[in-house]
Amino acid sequence: MRRKKKILKLMALLLVAMSIITSGMNSVTSSAATPYLTYTVDGYGRMEETQTGYLAQDTIIKFGKEFLSGANDMCVTDDGKIYIADTGNARVLVGTTEGKLIKTFGMGTLKRPMGIFVTDTKHVFVADRDARAVFEFDESGKVLNTYGKPDSPLYGEGVEFLPLKVVVNKAGMMFIVCESNTNGIVEISPADGGTFLGYFGTNYAAVSLQQIIYRAILTDEQRAKMVSNIPSTPDNLAIDSKGLIYTVTRGDDEKTVKKLNIAGANMLRAENYGVYDLSPAAVAVGNHDNVYVASQEGYIYEYNDQGEPLYVFGAKDDGTQRVGLSSALTSIQVGVDDSIYVLDSDKNQIQVYRPSEFTQKLHTALNLYAQGKYTESREPLAEVLKMNSMFDYANKAMGRAFYQESNYEEALHYARLSNDKAGYSDAYWEIRNEWLKANIVKALLFIVGLWILYMVLRTLDRRKKIFDGVRKAKARVKENRFVSNFMYSGYFMRHPIDGSYGIAREGRASWSAPSLILVIFMIEYIVNKYLCGFLQKTVREGRYDIGSDIGIIVVAVVALTACNYLICTINEGEGTIKKIYTYFCYSLLPYVVLTPIGFALSHVLTNNEQFLVTLINVIIYSWVLILAVLGIKEVNNYTVKETVKIIFLTIFTILIIALLIFIIYVLWAQVFDFISAVFGEVVYRLGY
């Protein structure tokens, strides 16, 4: 029996060894597993895991018997050929997407080819850094032209010509990225052996406020020693069928990816940025007006034509050598079947990613939508949402498709699902416009009716005194001390200096009336936070954390009151803790009074009109701040200088107390973990 088991184990080992040897003999290896996660960005700008967008299926490690050596760039043509700038071997290698070798050329001519581009006529342009030239080859590998450093004075006499990447438009114009050339992309016409047309798509140098201040106050000698503030050089570029240039630049933050028109202006809207890589290596244009960016770290980003992120997938190789993991990506290309080819110069191989069914349906929808076929695009979008109803980009696209069909109610629904505030605003404007057309006369008649009713009641009251009973009841209610103090908060809001005198000298300080204002403030804050208009909402739909909100407000008021009382007592202030609590709570009254107005407006205004809500908020917070500052000054009988001092000391004290609480919390957590560990060890040993 044991002998049979040994024989079976031996046979299993032999089968595994044979499979490894067989896979190593092939030029293309495959892997069914996906060793990375795929992420998308939801409507709130957060990364969320989603279905696998691309399957890492193949790895091309050689073409025929030819291996790559530090290759830096490649170009995949529509006929299934791959042209590679085989940098280490100083040649161009041409093969098929299946790993078959077609030919090599450029040996003896090329020195260090870094970039390659193939035109529709199969002319091959190679950017050679060490040769300081761009070579143009025909399809057979014969050198047609050599473009060296432009002799135009506009290029710059002291500027080196070290070409790294090149693309060519249909008119034959070359766009070249040169090493350390911060002036922009070099544009050369093939006329007259190469005519320098100027620099294109120059990056802007970012200047911080700190740098502006330093340069304003430093001497010329000190400024000369500062690091020069020069624009970044693009790292790579691509061109689409319309002649638009795409660039990626390290260190350009949210403008890492640019889509440049013929004037060199970036066409990607700033509001679509948010997901970008810090070390982009290459960019490519897909078949559906989509854009791919490959990171040096092995990640691949896909965007739509507006720069909105669709996917982030891939990962850096962790040493397992699994298909789909990379070490140092230098180039990315897209085939006619939407397959993605990425060149890894460290591993000397090409990874091939195939789009999943989910992605194919998404691309179909993108393509139909781009062609203006909005109704047709809804069917593949619906299928995408069946696979993943939380894929926000599909919800967003569905809403925009319904909007183009004038189905504004459905557009509004999908805009809410995807947090597409621009789409929501457009759809709501149309709905509101239709409602106004149907009800404007009724609304005007209703307003006129209310005005007439008011005038009639006012006239009757003057003649018949019909509201005398109401006025007497109101006067009796005002005699109540609690009501009187509560109503006094309105006087404090309108006349903060006189109101502060009443709190300090006339016994207007209390605990109950300010506490009621604080409770109303908390209720309005919570209602406004979770139930305000969609365009003003800053929290995710269906997410509530009311207990935490109330706790933060209570802790803030207690900390502010206690710390201000402590500082005022030390600095001979006249305010008691009751008086301080009173003027802080009374200072919240502008929020209590004006927030309902902003809340109501947030439900009826579109994006272009939201400035009214913003204006109300600015008025509220400015008013609250002024009341609080005047309350500190007048109740404690401080000068302006003393008031400023007290405010800063109060803030500092709050920060110190918060730091102490944090330290105590951390220490207690460590003690708790230690006790738990000791208890667990004791239980384990007793059980053992």
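Hydrogens, waters and symmetry mates are skipped; everything else that's a heavy atom, side chains included, is used. Residue numbers count from 1 along this sequence.
No donor-acceptor pair under 3.5 Å is formed between the side chain of Asn266 and the backbone N or O of Leu260. In this structure, Ser425 contributes its side chain and Ala422 its backbone to no donor-acceptor pair below 3.5 Å. Under the 3.5 Å distance criterion, the side-chain polar atoms of Asn564 are left unmatched by any main-chain donor or acceptor of Leu560. Judged purely by atom type and a 3.5 angstrom limit, Arg416 has no side-chain atom pairing as donor or acceptor with the backbone of Leu412. Checking side-chain atoms of Gln610 against main-chain N and O of Leu605 turns up a donor-acceptor pair under 3.5 Å. The backbone N or O of Ile619 sits nowhere less than 3.5 Å from a side-chain atom of Ser622 that would complete a donor-acceptor pair. Checking side-chain atoms of Lys579 against main-chain N and O of Ala504 turns up a donor-acceptor pair under 3.5 Å.
Using a 4.0 Å cut-off between charged side-chain N and carboxylate O, Asp468 and Arg471 make a salt bridge. For Glu609 and Arg432, the salt-bridge test passes: some basic side-chain N is under 4.0 Å from an acidic carboxylate O.
The aromatic rings of Phe313 and Tyr54 sit parallel to each other, their planes meeting at less than 30°, with 60° as the upper class boundary. Classified by interplanar angle (parallel below 30°, tilted 30° to 60°, perpendicular above 60°), the ring pair Phe358/Phe391 is perpendicular. In this pair, His495 and Tyr491 present their aromatic rings tilted. The plane angle is within the 30 to 60° band. In this structure, Tyr591 and Tyr621 have tilted ring planes: the angle between them lies in the 30° to 60° band.
Within a 6.0 Å radius of CZ in Phe652, no more than 12 heavy atoms belonging to other residues, nucleotides or ligands are found. Around CD of Glu357, the count of heavy atoms belonging to other residues, nucleotides or ligands within 6.0 Å does not exceed 12. Heavy-atom neighbours of Met390 CE from other residues, nucleotides or ligands within 6.0 Å: at or below the threshold of 12. Around CD1 of Ile262, the count of heavy atoms belonging to other residues, nucleotides or ligands within 6.0 Å does not exceed 12. Within 6.0 Å of atom OH in Tyr501, 12 or fewer heavy atoms from other residues, nucleotides or ligands are found, so the atom counts as exposed in its surroundings. More than 12 heavy-atom neighbours from other residues, nucleotides or ligands sit within 6.0 angstrom of CD on Glu405. Other residues, nucleotides and ligands contribute over 12 non-hydrogen atoms within 6.0 Å of the CZ atom of Arg46.
Aromatic rings from Tyr403 and Tyr408 are positioned such that their centres are separated by under 6.0 Å. A distance of 6.0 Å or more separates the ring centres of Phe492 and Tyr583. For Phe534 and Tyr428, the gap between ring centers reaches or exceeds 6.0 Å.
You'll find the side chain of Val592 reaches within 4.5 Å of the side chain of Leu589, heavy atoms only. Under the 4.5 Å side-chain criterion, counting only non-hydrogen atoms from C-beta, Glu302 is in contact with His363. At a threshold of 4.5 Å between non-hydrogen side-chain atoms, the residues Val448 and Ile452 count as touching. Ile503 is listed as a side-chain neighbour of Tyr586, based on a closest heavy-atom distance under 4.5 Å. Here the side chains of Lys442 and Phe446 are not in contact, with every heavy-atom distance at 4.5 Å or above. Looking at Pro380 and Val384, their side chains never come closer than 4.5 Å, going by heavy atoms from C-beta outward. Tyr39 has its side chain out of reach of Pro309: every pair of non-hydrogen atoms, C-beta onward, lies at least 4.5 Å apart. For the pair Phe584/Ile632, a side-chain contact is recorded, criterion being any heavy-atom separation below 4.5 Å from C-beta on.
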Please determine whether side-chain contact (heavy atoms from CB on, under 4.5 Å) holds for the pair Lys259 and Asp305, giving the CA-CA distance in whole Å, both sets of side-chain angles, and the decisive distance to 0.1 Å.
CA-CA 9 Å; Lys259 179 181 179 180; Asp305 63 332; 4.1 Å; yes

One pair to check against side-chain contact (heavy atoms from CB on, under 4.5 Å): Arg400 and Asp420. What are the steps and the verdict?
CA-CA 9 Å; Arg400 292 177 177 179; Asp420 180 14; 3.6 Å; yes

With ring pair (Phe, Tyr, Trp, His ring centres under 6.0 Å) as the criterion, how do Tyr369 and Tyr374 come out once you've worked through the C-alpha distance, each side chain's angles and the decisive distance to 0.1 Å?
CA-CA 5 Å; Tyr369 188 90; Tyr374 308 114; 5.0 Å; yes

Where do Tyr311 and Asn290 land on the side-chain contact (heavy atoms from CB on, under 4.5 Å) test, with the steps shown first?
CA-CA 11 Å; Tyr311 291 123; Asn290 50 339; over 6 Å; no

Go through it in stages, so that I can follow the logic: the residues are Arg508 and Asn485, the test is side-chain contact (heavy atoms from CB on, under 4.5 Å), and I'd like the CA-CA distance, side-chain angles, deciding distance and then a yes or no.
CA-CA 6 Å; Arg508 288 293 184 174; Asn485 285 336; 3.5 Å; yes

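Between the side chains of Asp338 and His288, at least one donor-acceptor pair of N or O atoms lies under 3.5 Å. There is a side-chain donor-acceptor pair under 3.5 Å between Ser279 and Asp277. Lys537 and Asn419 share no side-chain donor-acceptor pair at under 3.5 Å. Judged by distance alone, the side chains of Asn528 and Glu524 never bring a donor and an acceptor atom under 3.5 Å apart. Counting only N and O atoms by type, the side chains of Thr595 and Tyr525 include no donor and acceptor under 3.5 Å apart. Tyr303 and Tyr246 share no donor-acceptor pair across their side chains, judged by distance under 3.5 Å alone.
In this structure, Ser510 and Thr582 approach most closely via the heavy-atom pair O-OG1, 3.0 Å. Across all their heavy atoms, Val557 and Tyr581 have their closest contact at CG1-CE1, 4.1 Å. Nearest heavy-atom pair, Val593 versus Pro596, reported as atom, atom and distance to 0.1 Å: O-CD, 3.5 Å. Scanning all heavy atoms of the two residues, the minimum distance from Thr52 to Ser356 falls at O-OG, 2.8 Å. When all heavy atoms are compared, the tightest approach of Asn261 to Leu244 is CA-CD2, 3.8 Å. Heavy atoms only, all atoms of each residue included: Pro234 and Thr249 are closest at CA-OG1, 3.5 Å.
Rounded to the nearest 0.5 angstrom, Asn367 CG and Asp289 CG are separated by 8.0 Å. We find the CG-SG distance between Leu518 and Cys585 to be 5.0 Å, quoted to the nearest 0.5 Å. The CD1 atom of Ile647 lies 11.0 Å from the NZ atom of Lys633; values are rounded to the nearest 0.5 Å. To the nearest 0.5 Å, atom CD of residue Gln404 and atom CG of residue Asp426 are 9.5 Å apart. Taken to the nearest 0.5 Å, the CG atom of Asn407 stands 7.5 Å off from the CZ atom of Arg378. Expressed to the nearest 0.5 Å, how far CE of Met387 lies from OG1 of Thr50 amounts to 11.0 Å.
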